[in-house]
Amino acid sequence: MTPEQNDTNAEPSLETELLGMKMRTPLIMASGTFGYAFEIARVADLDFSHIGAVILKSVTLEPRQGNPPPRVAETPAGMLNSVGLQNPGVDYVIRHYLGMLENFDTNFIASVAGHTVHEYVECSVKMASHESIRAVELNMSCPNVRDGRRFASDPAGAAALIRAVKERCPKPIIAKLAPGTEDVGEIAGACIDAGADALSAGNTYVGMVIDTRRRRPLLGGNTGGLSGPAIRPLAVHNVCLVHQVASQKNIPVIGCGGVMTGNDAAEMMLAGACAVQVGTAVFTNVHIAADISAGLRKYLVAQKENEVSAIVGTLQQNETS
Amino acid sequence: MSERKRTGPFDIIATVVAQEPAGSAAYRLTLDCPEIARCAKPPQFFTISCHALSQIHAGADADSVPLDPILRRPLGFYRVRPDKGEFDTIYQVVGRGTGMLTLLKPGDRVRVLGPLGKNINPKDIRSRTALLVGGGAGLPPLCYLSEALQDAGKEIIVIAGARYRELLIAPTVSRRLKRPVGGRKDVQSLEPLAQRDIDCAIALERHEEGFFEGLITAPLEEYLELDYEGGVEIVACGPPPMVRVIAKLAEKKSVKCTVVMESRMGCAIGACQTCVIKTTSGYRRVCVEGPVFDAKDIVWE
Ligand SMILES: Cc1cc2nc3c(=O)[nH]c(=O)nc-3n(C[C@H](O)[C@H](O)[C@H](O)COP(=O)(O)OP(=O)(O)OC[C@H]3O[C@@H](n4cnc5c(N)ncnc54)[C@H](O)[C@@H]3O)c2cc1C
Ligand SMILES: Cc1cc2nc3c(=O)[nH]c(=O)nc-3n(C[C@H](O)[C@H](O)[C@H](O)COP(=O)(O)O)c2cc1C
Ligand code: FES
């Protein structure tokens, strides 16, 4: 084999490091679409080796019964969900679910939601105290509960929340920002200054589907969060905006929204994401992380890159006059 | 391979063996998928992508992922042939996704997830006789269930409802009822049930010779009047309004009723909490805690 051949045949590495976690790929399963991992792990031959990390379904301090059904409405190239944070509460999740995580060979990140700063803090501390949890994502942007987005739409509120959690939480924290706010850069800056260790950009967009025959919203909760490939261009732009701010402070950005293929993941990473969340895509194929990894490797080969981290934030904007 | 792995569920690529019309706006789709065929039990279900994979599977290339519609459709099993590694489903065309399924042709490859949900084990049916009652898309899974229960030694009577004859999912043949009701002896039966010597009473809303006239509850009420040695109970599967009416009638007559429920799904594997229905013990996921429920646990809206 000539050295040249060797070069082009070398399998590019997808390994990355995020918040002290060694990840075999930059792919992170998004909160709410992968449950608490054990549900999907029932599928035969599920291979965690393509999954860099899993963010567990958001938990709250008290159990939540969630919104009335229907909770899902399909939309062009996407879907609305209105689950309303149904979960059995943080104590139940810790007692019954977290113990199973050690059977799955990947990193786990908790996701926490709440109505008050106190709720976020207590919940984060409880989840972060478990040995299987490597970091905590604060879901500051859930569109399906009343005032769910409050913390992500006001820089002062966001900062106060991050500061309070940071003070007590023993593990790194990730702020999950709401997309589609004009001033996402300002909020991102406020979160970083308050001590966020990483930023997730972003979440679902609020939408509605109307059942014209019944003249009512199709979803039991009236509105829902739009996810899937329909939001990808919005999400990529959102990552660009957040990256502009975060790169100045050396804070990692996790891209999220509509990723289905290796090329989609590459878009997110070029825009500045050092890791990429995969949510709705898992509904089309629970093994999708394997396909996305293969696609990302193919992209790196075509670009003559040896390591996935080399492409992060390398987007060249076109000159405009 | 461990026991768990062999019973799935599997997220896997199936190959289309055949597709043919089955009644008006309904199709029978035969898939080659040994993993699922080996362990699918009635009335479990599977989900199917509305898109065939491109012929040359391009791995992670954009053309091999479904963009629109994005969600897989839940469908029941009609016939399962574990020895051949094949199974059949019958689906009604009701919207865009099922419309796209009609385009699948032999040789196409399509992503499926299954078998999913709880099945009805013959020993869950305590009575000697089971009245399997349903209509529309609920009939194919009921046919499969009737065979499994009959094989386990149960007496089976199927009561099927439709608005008009063309909506039935299988050809009909004339047959004598073993347990006649309403003064009727000779009636039409669904062909697969006739082959198995299973009594079948079909109610059509439109008058037609050889059928019971009216809603499905008409023959059901008459069957509930008969005496059954070893007891009788109901399994209902079909459009939600029909299932609800059957459940109400069962409650009035104090007959045990098991219902097979439908709901809109995201993951179909218990992770996303979108497919819930209201029960007396809170919201329950149809995809893993169902689709089989005891009718008395459902809070009917
Ligand atoms: C457990 C189960 C078993 C089923 N078995 C069968 C079967 O054997 N044969 C058959 O013909 N149909 C069956 N159905 C119903 C079938 O899933 C729907 O008719 C189908 O999803 C409609 O898709 P569409 O794109 O044509 O309709 P659209 O209305 O365009 O679909 C839009 C969205 O709503 C969902 N949806 C619409 N109607 C239903 C429904 N009744 N149940 C669940 N989701 C729905 C679709 O999946 C899709 O996500 C079953 C449903 C469930 C839940
Ligand atoms: C059914 C469903 C449930 C979700 N639940 C949560 C949740 O509990 N917490 C959260 O932070 N995000 C939740 N999300 C949002 C996803 O984590 C993700 O941010 C969003 O779906 C966009 O990514 P995608 O297009 O790859 O799905 C949910 C999304 C879906 C589709
Ligand atoms: S469809 Fe996701 S939990 Fe049932």
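Throughout, a chain's letter reflects where its sequence line sits, starting with A, and its residues are numbered from 1.
Looking at T33(A), only its backbone comes within 4.5 Å of chain B, counting heavy atoms on both sides. Contact annotation for L71(B): both backbone and side-chain heavy atoms come within less than 4.5 Å of a heavy atom of chain A. Only the side chain of V288(B) comes within contact range of chain A, with heavy atoms under 4.5 Å apart. In this structure, no portion of L56(A) lies under 4.5 Å from any heavy atom of chain B.
In this structure, Y283(B) and P68(A) have side chains that are in contact, with non-hydrogen atoms separated by less than 4.5 Å. Proximity of P69(A) to K278(B): side-chain heavy atoms (C-beta onward) are nowhere separated by under 4.5 Å. Put simply, the side chain of F283(A) does not reach to within 4.5 Å of the side chain of R72(B), judged on heavy atoms. Contact check for I269(B) versus R42(A): side-chain heavy atoms found under the 4.5 Å cut-off. Looking only at side-chain heavy atoms (C-beta outward), V83(A) and Q273(B) come within less than 4.5 Å of each other.
K84(B) NZ: 12 or fewer foreign heavy atoms inside a 6.0 Å radius. The number of heavy atoms from other shown groups lying within 6.0 Å of CZ (R81(B)) is above 12.
Per-residue heavy-atom pair counts under 4.5 Å with chain A were compared for G266(B), G270(B), S263(B), S49(B), and the maximum is reached by G266(B). Interface check for chain A: of the options V112(B), L113(B), I70(B), the most heavy-atom pairs under 4.5 Å are formed by I70(B). Per-residue counts of heavy-atom pairs under 4.5 Å with chain B were compared for N285(A), I40(A), V282(A), V72(A); the largest is that of N285(A). Among A281(A), P76(A), P70(A), the residue making the largest number of heavy-atom pairs under 4.5 Å with chain B is P76(A).
E74(A) pairs with exactly one of R73(B), R96(B), R264(B) by the salt bridge (charged side-chain N to carboxylate O under 4.0 Å, His left out) rule, that one being R73(B).
Contact between M260(A) and L67(B) at its shortest, heavy atoms only, is CG-CD2, 4.3 Å.
With hydrogens and angles disregarded, no donor-acceptor distance shorter than 3.5 Å links the side chain of R71(A) to the backbone of V276(B).
Separating the CD atom in Q86(A) from the SG atom in C272(B) is a distance of 10.5 Å, to the nearest 0.5 Å. To the nearest 0.5 Å, atom SG of residue C267(B) and atom CZ of residue F34(A) are 10.5 Å apart.
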